Asker: 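If you scroll down you'll find the structure; I have some questions about it.
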Amino acid sequence: MFLINFRFMVVMKFGGTSVADAVCIRRVADIVKAQVERRLVLVLSAMGDTTDHLLEAGALAYHEGRVSMGAIERAHLETMRALGLGAAEGEIVPLLEELRGLLSGISRIRELSRRTKDYLLSFGERLSVRIMAACLVSLGMRARAFDAWDLGFVSDSNYTSAEIMGESWRLIPERVLPLVEEGTLPVLTGFIAKDAGGVITTLGRGGSDLSATMAAAACGAEEIQIWKDVDGILTADPRIVKNAKPVETVTYEEAAELAYFGAQVLHPRAMQPCMKTGTPVLVKNSYNPAAPGTRIVPSPEKGALPVRAITSRKNISLVDIVSTRMLGQYGFLAEVFSSFARHRISVDMVATSEVSVSLTLDTVNDLSVLKEELSRIASVELRKGKAIVTIVGNVKRSSEILARAFRTCEFLGVRVQMVSQGASKVNISFIVEDTEAEEVVRALHIDFFDRLELPESEGGGGTE
Ligand code: ADP
Ligand code: ASP
Ligand code: MG
């Protein structure tokens with residue numbers, strides 16, 4: 001594995017909201033210019049909601065046989081014109097034509113497999129990197145747009161959620177480092193790759209975070225900066241908790257758990273490459289570059305609060321499986337989990353007793369076949385409409401955290417239906433009704449974050 005620290009290189013990733021229109025792209029160009037001496041590699045998402053718009057255009061072509069890409073075309077061409085990049089349209093127009101050809105193919109043959117969907121979604125990132133590179137060039141920087149497959153991103157063929165293959169650890173630095181050394185600023189598509197057969201794949205929604213951490217880790221970069229539209233990783237989803245605050249530092253494990261258990265801010269697998277190499281991650285706000293952001297580091301900093309952040313994931317099913325045979329616990333659990341593995345259904349939380357097991361999974365899974373299979377050895381009851389609330393923090397203080405969380409739920413009249421402490425030792429999760437999740441997150445946030453500020457303000461106010 002190539003792990004020589006390439007000390008003078010920084011990977012910067014800008015998400016869709018950071019490159020949504022001409023104004024945003026100019027703002028990003030200023031951020032890039034301010035650090036250009038550090039030798040940069042940029043990784044970009046598609047502009048704004050382009051990925052959603054591509055999905056909509058695909059669905060329209062597939063279901064109604066109509067080709068409609070006016071909004072996508074307008075957004076990209078108008079952005080270029082607003083940035084004064086008319087001359088670079090030569091790179092964008094052929095891609096738009098290729099996209100039109102694809103949509104027209106989908107509309108005629110009415111085929112939209114996962115493989116075709118990945119090809120369709122790839123246009124968002126392929127368009128955005130070309131516009132950004134042209135903008136940086138117009139400002140005097142030696143930028144050049146690249147598709148991820150030209151810089152060593154090889155994935156498996158699990159379309160719509162592909163995994164990056166091991167050989168990319170060698171291929172990416174082989175291709176990227178010579179460019180950086182000769183003074184080029186590569187602007188690289190996030191989210192997409194090609195499989196061994198040369199077919200375009202995507203790494204799952206939000207996958208540009210993973211592309212960026214992979215590029216940084218594989219090249220031994222000094223740092224990776226992930227630029228968002230919020231001041232870093234916040235103590236809760238700002239759409240649920242209005243006064244959520246940026247967290248100064250979190251560990252890789254904590255960031256990964258937060259992402260897995262519902263915080264949209266990072267792709268769930270994004271921390272994996274950095275965990276291998278220890279590459280420091282900085283999450284920053286492109287709308288507010290002066291804010292310090294969140295540092296993601298290998299191990300917890302001393303003096304950190306017991307709880308880092310609270311998150312929730314809705315649309316969860318709770319499955320109770322009770323053995324109807326006199327199987328010992330070993331045989332029973334082995335049968336249950338091998339059934340889940342065969343059906344490729346991933347389980348999040350588990351609680352077991354000698355003859356029963358309760359577990360949670362995403363409601364999107366179709367459980368009918370599994371239920372039939374398990375009914376040979378167990379009775380299976382499925383309860384939908386649940387949510388997982390997760391508290392990420394220092395599980396060495398789990399008794400205190402659990403006591404406070406249970407007190408809050410009791411106060412709200414919310415019944416906790418299942419509890420588990422993650423094996424990674426950084427999360428405590430519990431199940432409540434879907435409809436209760438946001439209220440629970442808000443109340444826990446008050447308890448763990450707002451209350452901690454009371455002594456300070458009482459001390460400051462002083463006279464009453
Ligand atoms: P990008 O396009 O830059 O990848 P995303 O929209 O994927 O950005 O992720 C950023 C969004 O994640 C924020 O705007 C915020 O609404 C949401 N979010 C949810 N939970 C959190 C959290 N704990 N901290 C920060 N942002 C969060
Ligand atoms: N554009 C892709 C998405 O919207 C990937 C990303 O933004 O990271 O999911
Ligand atoms: Mg994202």
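We count residues from 1, following the sequence as given. Hydrogens, waters and symmetry mates play no part in the numbers below; they use all other heavy atoms, side chains included. This structure is a prediction, so every number in the text was calculated from the model and none was measured. Whatever order the structure lists ligands and atoms in, that order sets their numbers, starting from 1.
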Asker: Are the side chains of Val43 and Val11 in contact, using a 4.5 Å heavy-atom criterion?
Answerer: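 When only atoms from C-beta onward are counted, Val43 and Val11 do touch, with a gap below 4.5 Å.
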Asker: Starting from atom 6 (C) of ligand 2, what is the nearest protein heavy atom, named by residue and atom, and what distance separates them?
Answerer: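 The answer is Ser208 OG, 3.3 Å.
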Asker: For ligand 2, which is the ligand I care about here, please tell me if Ser45 has any N or O atom under 3.5 Å from one of the ligand's N or O atoms.
Answerer: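 It does: an N or O of Ser45 is found under 3.5 Å from an N or O of ligand 2.
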Asker: Just to check, does Gly207 reach to within less than 4.0 Å of ligand 2 when the distance is taken from its heavy atoms?
Answerer: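 Flag set, Gly207 near ligand 2.
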Asker: With a cutoff of 4.0 Å, is Gly16 in contact with ligand 2, counting heavy atoms of the residue only?
Answerer: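 It does not, in that no heavy atom of Gly16 comes within the 4.0 Å cut-off of ligand 2.
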Asker: Using a cut-off of 6.0 Å, state whether more than 12 heavy atoms not belonging to Arg144 lie near its atom CZ.
Answerer: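 For Arg144, atom CZ is not crowded (no more than 12 foreign heavy atoms under 6.0 Å).
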Asker: Within the structure provided, determine whether Leu266 and Leu258 are in side-chain contact (heavy-atom separation under 4.5 Å).
Answerer: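 The answer is no; the side chains never approach within 4.5 Å.
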Asker: Run the numbers for me: atoms of ligand 2, each under 4.0 Å from some heavy atom of Glu125, listed by number.
Answerer: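 Listed by number with element, the hits are 1 (N), 2 (C), 5 (C).
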Asker: Within a 6.0 Å radius of atom CD on Glu64, are there more than 12 heavy atoms belonging to other residues, nucleotides or ligands?
Answerer: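 Buried by this count: over 12 neighbours within 6.0 Å.
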Asker: Counting neighbours of CZ on Arg115 that are heavy atoms of other residues, nucleotides or ligands and sit closer than 6.0 Å, is the number greater than 12?
Answerer: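 No, because the 6.0 Å sphere around CZ of Arg115 holds 12 heavy atoms or fewer from other groups.
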Asker: Between ligand 1 and the protein, which N/O pairs are shorter than 3.5 Å?
Answerer:
| residue | atom | partner | partner atom | Å |
| --- | --- | --- | --- | --- |
| ligand 1 | 2 (O) | Gly16 | N | 3.1 |
| ligand 1 | 4 (O) | Lys13 | NZ | 3.2 |
| ligand 1 | 4 (O) | Lys228 | NZ | 2.8 |
| ligand 1 | 6 (O) | Gln264 | NE2 | 2.9 |
| ligand 1 | 7 (O) | Gln264 | NE2 | 3.3 |
| ligand 1 | 14 (O) | Asp229 | OD1 | 2.8 |
| ligand 1 | 14 (O) | Asp229 | OD2 | 3.2 |
| ligand 1 | 16 (O) | Arg239 | NE | 3.4 |
| ligand 1 | 23 (N) | Leu234 | O | 3.1 |
| ligand 1 | 24 (N) | Leu234 | N | 2.9 |

Asker: Is the positively charged end of Arg175 above the ring of Phe153, judged by distance under 6.0 angstrom from the centroid and angle within 45° of the axis?
Answerer: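 Relative to the ring axis of Phe153, which defines the angle, Arg175 lies outside at least one limit.
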Asker: Would you mind running through ligand 2 and noting each atom that sits below 4.0 Å from a heavy atom of Arg205?
Answerer: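 Matching atoms, with element in brackets: 3 (C), 4 (O), 9 (O).
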Asker: Does Ser286 reach the side chain of Lys228, with side-chain heavy atoms less than 4.5 Å apart?
Answerer: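 Side chain of Ser286 against side chain of Lys228, heavy atoms only: no contact under 4.5 Å found.
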Asker: If you take all heavy atoms of Val19 and Met132, which pair is closest and at what distance?
Answerer: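 Shortest heavy-atom contact: CG1-CE, 3.8 Å.
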Asker: Rounded at 0.5 Å granularity, tell me how far OH in Tyr159 sits from NZ in Lys117.
Answerer: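 Going from the OH atom of Tyr159 to the NZ atom of Lys117 covers 14.5 Å.
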Asker: Determine, using heavy atoms of His267 and all atoms of ligand 2, whether some pair is separated by less than 4.0 Å.
Answerer: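 Contact absent.
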